[in-house]
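Chain letters run A, B, ... following the sequence lines, proteins first and then strands; every chain starts at 1. What you are looking at is a predicted structure, and each value in this text was computed from that prediction instead of being measured.
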There are 2 protein chains.
Amino acid sequence: MYRPHAAVRDLSGDDVSGQPENGKPPSRRPATSVDVARLAGVSRATVSHVLNGQVERFSAETVERVRGAAAALGYVRSTAGRALVRGRGDFIVLAVPHATVTRVQEVIEALSADIEELGFTVVVHFAGVRAGRKAPDRLHHMIETLRPAGVVNLGGLSEDDMEALRAAGCLVLPRYRSGDPNLFIGRLQAGHLHARGRTEIAYAFTGDRRDDPYGPGRAEAVAAFCAEAGLAPPAHLHVPIEAAAARKALERLVSLRGRPVGIACYNDEVALALVFAAKGLGLEVPGDVAVIGVERTEVGQVVSPRLTTVAGDLPAIVGFFRYDLARAYGGAASRPEPPGLTDGYRIYQGETT
Amino acid sequence: MYRPHAAVRDLSGDDVSGQPENGKPPSRRPATSVDVARLAGVSRATVSHVLNGQVERFSAETVERVRGAAAALGYVRSTAGRALVRGRGDFIVLAVPHATVTRVQEVIEALSADIEELGFTVVVHFAGVRAGRKAPDRLHHMIETLRPAGVVNLGGLSEDDMEALRAAGCLVLPRYRSGDPNLFIGRLQAGHLHARGRTEIAYAFTGDRRDDPYGPGRAEAVAAFCAEAGLAPPAHLHVPIEAAAARKALERLVSLRGRPVGIACYNDEVALALVFAAKGLGLEVPGDVAVIGVERTEVGQVVSPRLTTVAGDLPAIVGFFRYDLARAYGGAASRPEPPGLTDGYRIYQGETT
DNA sequence: TTGTAAGCGTTATCAT
DNA sequence: ATGATAACGCTTACAA
């Protein structure tokens, strides 16, 4: 006889898994729609219909019986069967950049909750160079093997990647052209430095050579601001989060551009590295070197001098993705206006500007 | 006629998704094993066998034809079909604690790479209190709906959670009793403070009230060390990553226990908060207040004073999980000895002790 | 060495 | 208002 579940028993019962086999096998076969149907005295089709909300077409009494039976058996639909018949899974892939974005965890958690509420399962995928430049391949493989309902790009995907995915028949969110938040952030930083009296402005990239999906856009925005304000084009520097290297980078900048100088940083970590590098070089902050970060990390606010930084609030950012998600999958009526991704970004004044 | 794939077309083709329908539908039905079989001139069974590595049983020529056909068609197995027949999916769930573990991202990435190499797909699940105390339910639901091959507990699961999962027939890794790394870390911290001459020792928990899966074990280890060394039981304090609150907590500790005092901290962030709190209170570091963190975050090493901290190296930590994974799924022969989870943890001497 | 056929759980269609 | 059925793609015991 052919028993396809034998493998499952092997896995969870024996020394392969190392699980203790305490008396009876703890993993009895999960209830299926057949079981529910039998218990409720109806057909599998009826079960399926009722449990998928097609309640109108059945007698209240039948509906009740089916639901009762399902609850009694602890029945839960098999994703596998569902996916098989529907041609795609109930997954949403979150493509996260490898880059150092400290608060990315919070964004992921918030989005995950949202997505799961919509009935999907979240698969987080870190897209980064680190694992040997085969990141796009890994993603592509995952897409093919998973056939997800959609991919949410949090910055880990290039335009090419996204296009390839769409070509493979995969829904990719968000589809913004409308307001790259990085442009907004860069402009905010430069504007602030200028408002605080700096005429010499620089942009500090993160130092390690991971892919940095946000930096270029922000640097570009800073440059644009400088041009508009009639300032010299911003110097660029790369700042590793390491004392000696950061000091060297700052030293080079100051010798090149003099002081005072204002530096728009990729994130709070870069900003901190520069603040303490300045200290090491005997430069005043913010007198000689003004510094502004991004993210408003907790450490940035607890050290002295307290960091000036720009950050968006989570609800606004998540709201943007939520809107796209709801539009694509849920009730499109949830919100009439697409929230801008730039909403809620603002300066938090600290002691470094 | 019954066309189950209609829904897929709807999704990826029309305004529901917002994708441009450029000319011909970009998503033609993916190749199935039937297609491969037809092109190779063999049966589906043969295709399945060959592609699952049962190469020995077939003529080299057949194998080649099958592989060629699969490659030519860009065939990739459907997870859905596979999962359906096997009773469980190709997923490994990574249960991550919500708690602030800055380097958790790196661990996730490294583990993901490992796991994917074993042929599984990684699903990251953040288990935390934040989302309204329904975290266990969320996880349980995910387990039921996904029927994953296993769950890797990175600290987000309580013993009860794990037991519940096992009862549901799910493989849960790692099954360590053998050396909770937190005990090792706590002891390392206390031992270092003592070696630096402190006789008054305290343990600083993180301040926010998220679930903190690591703190208790470490505090316990610190207490154990103090008892063995004949020191007073360690004071406990909770340190929010916020200047005023951190200062208040430290002030209270010093008024209670006097100085000098040595503080073993939950992580580098807590340590930094205390270092700058001390500064604000006019206390010397490390003279009056010695501080040691955990994690060796980059910021902790770039600020002044540079943090003394304890950290394990990633390869060792990941290696531990990798061993368990390989034992459960891959070739168990990959490594004879289970690496201890305490391997590779050590003190990094900074300027705060 | 290769093929046949059954069976996994779900859902859309069509018949009752 | 409800049910029977076929189909989704894959794996595997067993027959050839």
Side-chain angles (χ1 to χ4, degrees), chain A residues 1-10 29-38 40-66 70 73 75-90 119 144-147, chain B residues 1-10 29-38 40-66 70 73 75-90 119 144-147:
Chain A
M1 186 206 172
Y2 172 44
R3 291 178 309 124
H5 278 287
V8 179
R9 298 232 175 70
D10 288 354
R29 189 178 56 81
T32 76
S33 76
V34 183
D35 302 322
V36 177
R38 191 157 32 219
V42 296
S43 76
R44 288 189 342 270
T46 305
V47 171
S48 180
H49 283 136
V50 168
L51 263 39
N52 285 334
Q54 314 256 1
V55 195
E56 316 295 334
R57 306 176 25 187
F58 296 88
S59 74
E61 193 238 347
T62 300
V63 170
E64 207 41 55
R65 267 218 318 280
V66 170
L73 294 172
Y75 166 75
V76 32
R77 287 193 301 261
S78 148
T79 346
R82 189 188 183 78
L84 189 52
V85 69
R86 301 197 54 159
R88 68 192 149 84
D90 283 335
E144 280 176 322
T145 195
L146 222 50
R147 302 193 196 287
Chain B
M1 184 206 172
Y2 173 44
R3 292 177 311 123
H5 278 287
V8 178
R9 298 234 174 68
D10 288 353
R29 189 178 58 81
T32 76
S33 78
V34 183
D35 302 321
V36 177
R38 191 156 33 218
V42 296
S43 75
R44 280 184 14 258
T46 305
V47 172
S48 182
H49 283 137
V50 169
L51 264 39
N52 284 334
Q54 315 255 1
V55 193
E56 316 295 330
R57 307 174 25 186
F58 295 89
S59 74
E61 192 236 343
T62 300
V63 170
E64 208 42 55
R65 266 219 317 281
V66 170
L73 293 172
Y75 167 76
V76 33
R77 291 195 298 266
S78 148
T79 332
R82 189 189 181 76
L84 191 51
V85 68
R86 302 197 52 161
R88 66 195 150 83
D90 284 336
E144 281 177 322
T145 195
L146 220 51
R147 300 191 199 287

Separation of atom CD in B:Glu64 from atom C1' in C:dT1, rounded to whole Å: 17 Å
Residue whose nearest DNA chain D nucleotide is more 5′ - B:Arg82 or A:Arg44: A:Arg44
With sequence neighbours excluded, residues passing salt bridge (Lys or Arg N to Asp or Glu O under 4.0 Å) with B:Glu61: B:Arg65
From B:Val66, B:Val42, B:Val63, residue fulfilling side-chain contact (heavy atoms from CB on, under 4.5 Å) relative to B:Phe58: B:Val63
A:Ser78 side chain near C:dG9 phosphate (N/O to OP1/OP2, under 4.0 Å): no
Rounded interatomic separation in angstrom, taking CD from A:Glu56 and P from D:dA1: 11 Å
Gap between atom NE2 of A:His49 and atom OG1 of A:Thr62 - 0.5 Å precision: 13.5 Å
Residue B:Ala45, side-chain atoms from C-beta onward, closest of C:dG3, D:dG3, D:dA7: C:dG3
Side-chain N,O (A:Thr32) to OP1/OP2 (C:dC8) below 4.0 Å: no
Whole angstrom value for the distance that separates C1' of D:dC8 from CG of B:Asp35: 13 Å
N or O in side chain of A:Ser33 less than 4.0 angstrom from C:dT10 OP1/OP2: yes
Nucleotide nearest B:Ser59 when distance is taken to its side chain, options D:dC10, C:dT2, D:dA7: C:dT2
Residue pair A:Arg147 / A:Gly87: nearest heavy atoms and the distance that separates them: CD-O, 3.8 Å
Rounded distance (Å) that lies between atom P of D:dC10 and atom CZ of B:Arg86: 14 Å
D:dT2 phosphate, OP1 or OP2, under 4.0 Å from A:Thr62 side-chain N/O: yes
Gap between atoms CG and C1', on A:Leu84 and D:dC8 respectively (whole Å): 4 Å
Rounded distance (Å) that lies between atom P of D:dC10 and atom CG of B:Asp90: 13 Å
Separation between CZ of B:Arg44 and CG of B:Asp35, rounded to the nearest 0.5 Å: 11.0 Å
Pairwise distance CZ(B:Arg38) to OG1(B:Thr32) - rounded to 0.5 angstrom: 7.5 Å
Degree of bending in the helix from C:dT1-D:dA16 to C:dT16-D:dA1 once both end axes are built from five pairs, to 10°: 40°
Residue-level proximity of residues 46-54 of chain B to DNA chain D when a heavy atom falls under 4.0 Å: B:Ser48, B:His49, B:Asn52
Minimum heavy-atom distance between A:Gly81 and A:Ser78, given as atom pair plus value: N-OG, 3.0 Å
Per B:Val42 side chain, nearest of listed nucleotides D:dG9, C:dG3, C:dG9: C:dG3
Sub-4.5 Å side-chain heavy-atom contact between A:Tyr75 and A:Leu51: yes
Separation of C:dT2 C1' from B:Arg38 CZ (nearest whole Å): 18 Å
Gap between atom OG of B:Ser48 and atom CD of B:Gln54 - 0.5 Å precision: 8.5 Å
Gap between atoms CZ and P, on B:Arg57 and D:dA16 respectively (whole Å): 16 Å
Which atom of B:Ala83 lies closest to which atom of A:Ala80, heavy atoms considered: CB-CB, 3.8 Å
